[in-house]
Amino acid sequence: MAEAISPIIRQVTIESKDIGSLSIDYDLEDVEDCLIYDRYGVSFPFKKLYRDRKSVIIFVRNFLCYSCKEYVEDLSKIPKEVLEDAAIRLVVIGQAAHHHIEPFCLLTGYPYEIYVDPERIIYQKLGMKREEKFTDSAQPSPHVKSGVFMGQVKSIWRAMTSPAFDFQGDLHQQGGAIIAGPGSRVHFSHSDMNRLDNMPINWLLQLAGVQQTLDFSDKPTIIHV
């Protein structure tokens, strides 16, 4: 009988730039039965996202956050065939009410799966904090184009012009990303230190098995490596 392979559980920060430099313990059994909701308010267990195939699951801070908006805009540039060729599923999870999903997708052009965890139960059980940690050595996210001041102004303006006039989630909740499945296997995990500490999308894709590098500067030009 072949020797069982232990799950690879890795934490990466932009500050360290070193894949596998830190480890955290993500046990999906703690969250597999937690409910998430689609844009129609229909609920199903979290484990459905990764039970049958490998999935890249990204937890965003909130739908009004400018850095989250710009990060998801870049996620929307990933060609469908890139995901299909690698047999991976791309999922975004927010922490707002389900009726905010559709406007956020229209705003960002995001065409893939997106759900919400409105009570932040999965966020909390996976250890994502309600805090931000900034360091002098941290590198800016390659996916965030706005400066902090103008980004905050854009976020406030979108909150003021939202029909529901609400802030679409806890403004202090941090996000992260995991690569999981099939089954309960965790291949990789990352918890954001702050709003700019998004895991570079190319890193995520390559860790999930994509053999290509995408250019997010303008159009998603594919460079074979």
Side-chain angles (χ1 to χ4, degrees), residues 31 33-53 55-84 88-124 126 128 130 141 143-146 150-181 192 195 198-199 201 204-205 214 216 219-220:
V31 296
D33 292 320
C34 294
L35 296 179
I36 54 177
Y37 298 81
D38 66 14
R39 67 189 67 202
Y40 305 108
V42 177
S43 65
F44 58 88
F46 181 61
K47 63 186 175 185
K48 186 176 179 180
L49 296 181
Y50 54 82
R51 181 174 50 196
D52 300 325
R53 64 189 301 186
S55 298
V56 176
I57 304 173
I58 296 160
F59 295 84
V60 298
R61 298 180 69 235
N62 62 77
F63 290 157
L64 283 176
C65 173
Y66 70 94
S67 62
C68 295
K69 170 184 173 289
E70 294 175 5
Y71 188 80
V72 174
E73 284 175 337
D74 275 0
L75 289 174
S76 71
K77 298 175 183 177
I78 301 173
K80 184 178 180 181
E81 57 269 22
V82 168
L83 301 176
E84 291 177 344
I88 58 177
R89 189 177 195 171
L90 178 63
V91 181
V92 166
I93 293 181
Q95 44 130 348
H98 72 271
H99 61 265
H100 288 300
I101 292 178
E102 190 71 31
F104 187 70
C105 289
L106 291 173
L107 179 69
T108 59
Y110 180 76
Y112 302 114
E113 294 180 74
I114 183 167
Y115 307 100
V116 290
D117 172 22
E119 301 299 325
R120 303 188 304 281
I121 294 173
I122 300 172
Y123 283 77
Q124 293 167 8
L126 291 181
M128 298 175 201
R130 288 189 69 256
S141 169
H143 305 289
V144 179
K145 287 79 176 178
S146 299
M150 284 306 301
Q152 295 282 35
V153 169
K154 292 175 184 177
S155 296
I156 294 170
W157 177 251
R158 284 201 290 123
M160 293 176 64
T161 56
S162 169
F165 195 76
D166 63 59
F167 283 88
Q168 303 179 24
D170 187 336
L171 298 180
H172 300 288
Q173 175 66 56
Q174 292 309 301
I178 64 172
I179 300 173
D192 298 342
R195 71 194 69 179
N198 312 117
M199 180 69 185
I201 295 171
L204 272 178
L205 293 178
L214 301 180
F216 293 99
K219 295 181 180 180

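Note that the numbering runs from 1 along the sequence shown for the chain.
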- Distance, nearest 0.5 Å, that separates CE of Met128 from CG of Asp117: 9.5 Å
- Message: Rounded at 0.5 Å granularity, tell me how far OH in Tyr115 sits from CZ in Phe44.
- Response: 4.0 Å
- Determine the sole option in Arg51, Lys48, Lys47 for which the salt bridge (charged side-chain N to carboxylate O under 4.0 Å, His left out) test with Asp33 is passed. Lys47
- State the CG-OH distance between Leu75 and Tyr112, to the nearest 0.5 angstrom. 9.5 Å
- Query: What do you reckon, is CD of Glu113 surrounded by more than 12 foreign heavy atoms closer than 6.0 Å?
  - Reply: yes
- Note on the structure: Taking every heavy atom of Glu119 against every heavy atom of Gln124, the minimum-distance pair comes out as O-NE2, 4.0 Å
- Message: Show the nearest heavy-atom pair for residues Ser76 and Gly109, with the distance to one decimal.
- Response: CB-O, 3.4 Å
- Task: Measure the OH-NE2 distance between Tyr37 and His99 for me, rounded to the nearest 0.5 Å.
- Result: 14.0 Å
- Query: Could you give the distance from CG (Leu90) to CG (Leu205), rounded to the nearest 0.5 Å?
  - Reply: 7.5 Å
- Message: On a heavy-atom basis, which atom in Leu35 and which in Ser43 lie closest, and how many Å separate them?
- Response: CD1-OG, 4.1 Å
- Could you tell me the separation between the CG atom of Leu126 and the CD1 atom of Ile121, rounded to the nearest 0.5 Å? 12.0 Å
- Shortest non-hydrogen contact between Phe104 and Cys68, atoms and distance: CZ-O, 4.3 Å
- Please report the shortest heavy-atom distance between Gly176 and Asp192, naming the atom on each side. N-OD2, 3.6 Å
- Salt bridge check: are Glu73 and Lys69 linked by an N-O gap of less than 4.0 Å? yes
- Task: Verify the ring-centre separation between Phe59 and Tyr123: is it less than 6.0 angstrom?
- Result: yes
- Query: Looking at Ile122 and Cys34, what are the two nearest heavy atoms and their distance?
  - Reply: CG1-CB, 3.6 Å
